[in-house]
Undergrad: 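Sharing a structure here in structure tokens format.
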Amino acid sequence: MTAIKQLRYEFNSPEPLSLHEDVPTITFRGAFGYALAQVLARDETISEFSDKIDLYKAFFMTENTDPALSRNHNPSKPFVLRGYFSRPDLKSFILEVILLGVASEYESFFDKVIETIGYMGVGKRNAVCKCLKLSSRIVETDFPASHEILIDFITPTRLKSQDRIFSEEIPFSVLFARLYDRITEISSYYNDMTLNQDDEYAHHLKCLAANIASEKVNGGNYHVSRTSSRTGDQIRLDGFVGEMRYTGDFGPFAGTLKYLPWVHVGRFSVFGCGWTTIRCNSYRTSK
């Protein structure tokens, strides 16, 4: 069983929080790096400076040192952020941190990082927040027998296949292929998310995925950008937001699809993009 842990925190501020208007967790992703560096600098239990650098890279600036494992220079991080405002006055925000693989063993470390974000200040006005940890739980993944699934793409999802970018709608074959690749990559780097990684098996599944019918229920390309805190450049995060209906035999894909609502998929997943929910319609049995 893959280790996936969901941590939930509440940020409360005396003033409205000035977060990214389209994907609020983009703001928290920027603050995360600064807070992580502060926590590591103060942590006396990590005595060697090289160990602190390694931990920083593992959680924030992972680099691909083995091209055979991934086509990405910066591979998947072992966590994702997502969340929402919990009050109409925008003074309270619920932040979820999903820890993947071995990162689930570092809950207390992430607690310190999130707490540090609060008192360092959040958003454009660096609003100091009270940070309350709401819950922590190990996620039990499951995918019931289904003939139809409805996937709600909550935050922009942009997938690429054979040099084509999909952001107006997401065919199942593309969704499954990129999800499978993402989980395989996380497994390669963080040693705990287990799939059958045989190349022939993966190719077989991806070919089967072409038999699943895809239909856009609503939505389309959603235009989003962020400003890099390091360079000041505008970076596009456009992607599909809406609902897709998929129909067919999902048996061969169940072991992969059960992770989709937790790992996010597509580019910029660590910022909160690619967040989805799944609703399954099971086969009806006659009495």
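By convention here, the first residue in the shown sequence is residue 1.
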Undergrad: Check whether Ile94 and Phe110 end up in the same hydrophobic cluster, where Ile, Leu, Val, Met, Phe, Trp and Tyr are linked by side-chain heavy atoms less than 4.5 Å apart.
TA: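 No, it is not one cluster - the side chains of Ile94 and Phe110 are not joined through contacts under 4.5 Å.
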
Undergrad: Give the minimum heavy-atom separation between Arg236 and His223, together with the two atoms involved.
TA: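 Shortest heavy-atom contact: NH2-CB, 3.4 Å.
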
Undergrad: Could you walk me through whether Leu134 and Tyr9 satisfy the side chain to side chain contact (heavy atoms under 4.5 Å, CB included) test, starting with their C-alpha distance in whole Å, then the side-chain angles of each, then the deciding distance to 0.1 Å, before giving a yes or no?
TA: CA-CA 5 Å; Leu134 301 178; Tyr9 306 88; 5.9 Å; no

Undergrad: Quick one: OG on Ser86 to CG on Leu95, what's the gap to the nearest 0.5 Å?
TA: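 The OG atom of Ser86 sits 11.5 Å away from the CG atom of Leu95.
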
Undergrad: Given side chains that start at C-beta, do those of Arg182 and Leu100 come closer than 4.5 Å, heavy atoms only?
TA: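 Yes, their side chains come closer than 4.5 Å.
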
Undergrad: Less than 4.5 Å apart, side chain to side chain, heavy atoms only: is that true for Asp181 and Lys206?
TA: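 Yes, at least one pair of side-chain atoms sits under 4.5 Å.
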
Undergrad: Under 3.5 Å, is there a donor-acceptor pair between the side chain of Thr184 and the main chain of Tyr180?
TA: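 Yes: the side chain of Thr184 pairs with the backbone of Tyr180.
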
Undergrad: Taking the side chain as C-beta and beyond, is there a heavy-atom pair between Leu159 and Val265 under 4.5 Å?
TA: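 Yes, at least one pair of side-chain atoms sits under 4.5 Å.
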
Undergrad: Quick check: closest heavy atoms across Thr141 and Ile4, and the distance to 0.1 Å?
TA: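 Looks like CG2-CD1, 4.0 Å.
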
Undergrad: Any link between Leu150 and Phe240 through a network of hydrophobic side chains (Ile, Leu, Val, Met, Phe, Trp, Tyr) touching at under 4.5 Å?
TA: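 No, separate clusters.
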
Undergrad: What pair of heavy atoms forms the shortest contact from Val113 to Ala35, and how long is it?
TA: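 Where Val113 meets Ala35 most closely, the heavy atoms are O-CB, 3.6 Å.
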
Undergrad: Please report the closest heavy-atom contact between Pro156 and Val224, naming both atoms and the distance.
TA: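 Distance-wise, the nearest heavy atoms are CG-CG2, 3.6 Å.
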
Undergrad: Atom CD1 of Ile149 and atom CG of Leu257: how far apart are they, to the nearest 0.5 Å?
TA: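 The distance works out to 5.5 Å.
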
Undergrad: In Å, rounded to the nearest 0.5 Å, how long is the span from CG of Asn221 to CD of Glu169?
TA: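 With rounding to 0.5 Å, CG (Asn221) is 11.5 Å from CD (Glu169).
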
Undergrad: Can a side-chain donor-acceptor contact be found between Ser136 and Glu107 if the only test is distance below 3.5 angstrom?
TA: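 Yes, because at least one side-chain N or O of Glu107 sits under 3.5 Å from a partner of the opposite role on Ser136.
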
Undergrad: Might you point out which heavy atoms bring Phe11 and Ile114 nearest each other, and give the distance in Å?
TA: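 Taking every non-hydrogen atom into account, CZ-CG2, 3.5 Å.
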
Undergrad: CD1 of Ile151 to CE of Met244: how many Å apart, nearest 0.5 Å?
TA: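 The CE atom of Met244 is 8.5 Å from CD1 of Ile151, to the nearest 0.5 Å.
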
Undergrad: Do the side chain of His20 and the main chain of Thr27 share a donor and acceptor less than 3.5 angstrom apart?
TA: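 Absent.
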
Undergrad: Could you see if Leu179 belongs to whatever hydrophobic cluster contains Ile154? Use Ile, Leu, Val, Met, Phe, Trp, Tyr and a side-chain cutoff under 4.5 Å.
TA: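 Unlinked, Leu179 and Ile154 end up in two clusters.
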
Undergrad: Taking the side chain from Thr116 and the backbone from Lys112, do they hold a donor-acceptor pair closer than 3.5 Å?
TA: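 Yes; judged by distance alone, with no hydrogens or angles, the pair exists.
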
Undergrad: Classify the side-chain pair Asn12/Ser92 by whether it contains a donor and acceptor separated by less than 3.5 Å.
TA: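 Yes, Ser92 and Asn12 have a side-chain donor paired with an acceptor closer than 3.5 Å.
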
Undergrad: Is any NZ, NE, NH1 or NH2 atom of the basic residue among Asp238 and Arg267 found under 4.0 Å from an Asp or Glu carboxylate oxygen of the other?
TA: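 Salt bridge flag = no for Arg267 with Asp238.
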
Undergrad: Would you compute the distance between atom NZ of Lys258 and atom CD1 of Ile183 and round it to the nearest 0.5 angstrom?
TA: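 Interatomic distance, Lys258 NZ to Ile183 CD1, rounded to 0.5 Å: 9.0 Å.
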
Undergrad: Do Ile117 and Val128 land in one hydrophobic cluster if side-chain heavy atoms of ILVMFWY residues count as linked below 4.5 Å?
TA: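 In one cluster with Ile117: Val128, no.
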
Undergrad: Taking the side chain as every heavy atom from C-beta outward, state whether Pro252 and His204 have any pair of such atoms under 4.5 Å apart.
TA: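 No; the side chains remain at least 4.5 Å from each other.
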
Undergrad: Is there a path from Phe271 to Leu81 through hydrophobic residues (I, L, V, M, F, W, Y) whose side chains come within less than 4.5 Å of each other?
TA: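 Per the 4.5 Å side-chain linkage, Phe271 and Leu81 are co-clustered.
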
Undergrad: Exactly one of Lys133, Arg8, Lys5 should register a salt bridge (Lys or Arg N to Asp or Glu O under 4.0 Å) with Asp111. Which one does?
TA: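 Passing option: Lys133.
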
Undergrad: Walk me through it: do Phe85 and Leu19 pass the test side chain to side chain contact (heavy atoms under 4.5 Å, CB included)?
TA: CA-CA 10 Å; Phe85 283 104; Leu19 307 181; 3.6 Å; yes

Undergrad: Looking only at heavy atoms, which two atoms of Thr25 and Gly272 are closest? And how far apart?
TA: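 Scanning both residues completely, I find the closest heavy atoms to be OG1-CA, 3.5 Å.
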
Undergrad: Under the ring pair (Phe, Tyr, Trp, His ring centres under 6.0 Å) test against Phe79, which residue among Phe109, Tyr106, Phe32, Trp262 passes?
TA: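 Exactly one candidate clears the test, Phe32.
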
Undergrad: Do Ile235 and Phe268 come close enough that some side-chain heavy atom pair is under 4.5 Å?
TA: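 In short, these two side chains touch, coming nearer than 4.5 Å.
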
Undergrad: Keeping Thr276 on the side-chain end and Phe153 on the backbone end, is there a donor-acceptor pair under 3.5 Å?
TA: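 Not at all, since once roles are kept as given, no pair shorter than 3.5 Å links the two residues.
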
Undergrad: Step by step, would you call Ile212 with Phe253 a side chain to side chain contact (heavy atoms under 4.5 Å, CB included)?
TA: CA-CA 11 Å; Ile212 300 295; Phe253 316 112; 3.8 Å; yes

Undergrad: Please confirm whether the backbone N or O of Thr155 pairs with a side-chain atom of Thr157, one donor and one acceptor, at under 3.5 Å?
TA: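 Such a contact is found between Thr157 side chain and Thr155 backbone.
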
Undergrad: Please check if atom CZ in Arg164 has more than 12 non-hydrogen atoms from other residues, nucleotides or ligands closer than 6.0 Å.
TA: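 Counting other residues, nucleotides and ligands, CZ of Arg164 stays at 12 neighbours or fewer.
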
Undergrad: ring-ring contact (aromatic ring centres under 6.0 Å, His included) with Tyr246: which residues, sequence neighbours excluded?
TA: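 Checked Tyr246 against ring-ring contact (aromatic ring centres under 6.0 Å, His included); matches are Phe172.
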
Undergrad: Between Arg226 and Leu237, does the side chain to side chain contact (heavy atoms under 4.5 Å, CB included) criterion hold? Intermediate values first, please.
TA: CA-CA 7 Å; Arg226 73 176 182 90; Leu237 282 71; 3.6 Å; yes

Undergrad: Would Asp22 and Tyr222 count as having a side-chain donor-acceptor pair, cut-off 3.5 Å?
TA: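 Yes, because at least one side-chain N or O of Asp22 sits under 3.5 Å from a partner of the opposite role on Tyr222.
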
Undergrad: Is the shortest heavy-atom distance from the side chain of Lys130 to the side chain of Glu115 under 4.5 Å?
TA: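 No - every pair of side-chain heavy atoms lies 4.5 Å or more apart.
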
Undergrad: Between Glu96 and Ile98, is there a side-chain heavy-atom distance shorter than 4.5 Å?
TA: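 Ile98 reaches Glu96 side chain to side chain.
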
Undergrad: Mind telling me whether Phe28 and Phe93 have parallel, tilted or perpendicular rings, with 30° and 60° as the class edges?
TA: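 Aromatic pair Phe93/Phe28 classed parallel.
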
Undergrad: Give a yes or no on whether the backbone of Glu148 and the side-chain of Ser146 come within a donor-acceptor separation of less than 3.5 Å.
TA: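 Side chain of Ser146 to backbone of Glu148: no pair is present.
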
Undergrad: Any Lys/Arg nitrogen of Glu10 or Arg87 sitting under 4.0 Å from an Asp/Glu carboxylate oxygen of the other?
TA: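 No.
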
Undergrad: Between Arg178 (side chain) and Lys160 (backbone), is there a donor-acceptor pair under 3.5 Å?
TA: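 Yes; judged by distance alone, with no hydrogens or angles, the pair exists.
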
Undergrad: How many angstroms lie between atom CG of Leu175 and atom OG of Ser161, to the nearest 0.5 angstrom?
TA: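 Between Leu175 CG and Ser161 OG, I get 11.5 Å after rounding to 0.5 Å.
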
Undergrad: Below 4.5 Å, heavy atoms only, C-beta onward: do Cys280 and Ile278 meet side chain to side chain?
TA: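 In short, these two side chains touch, coming nearer than 4.5 Å.
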
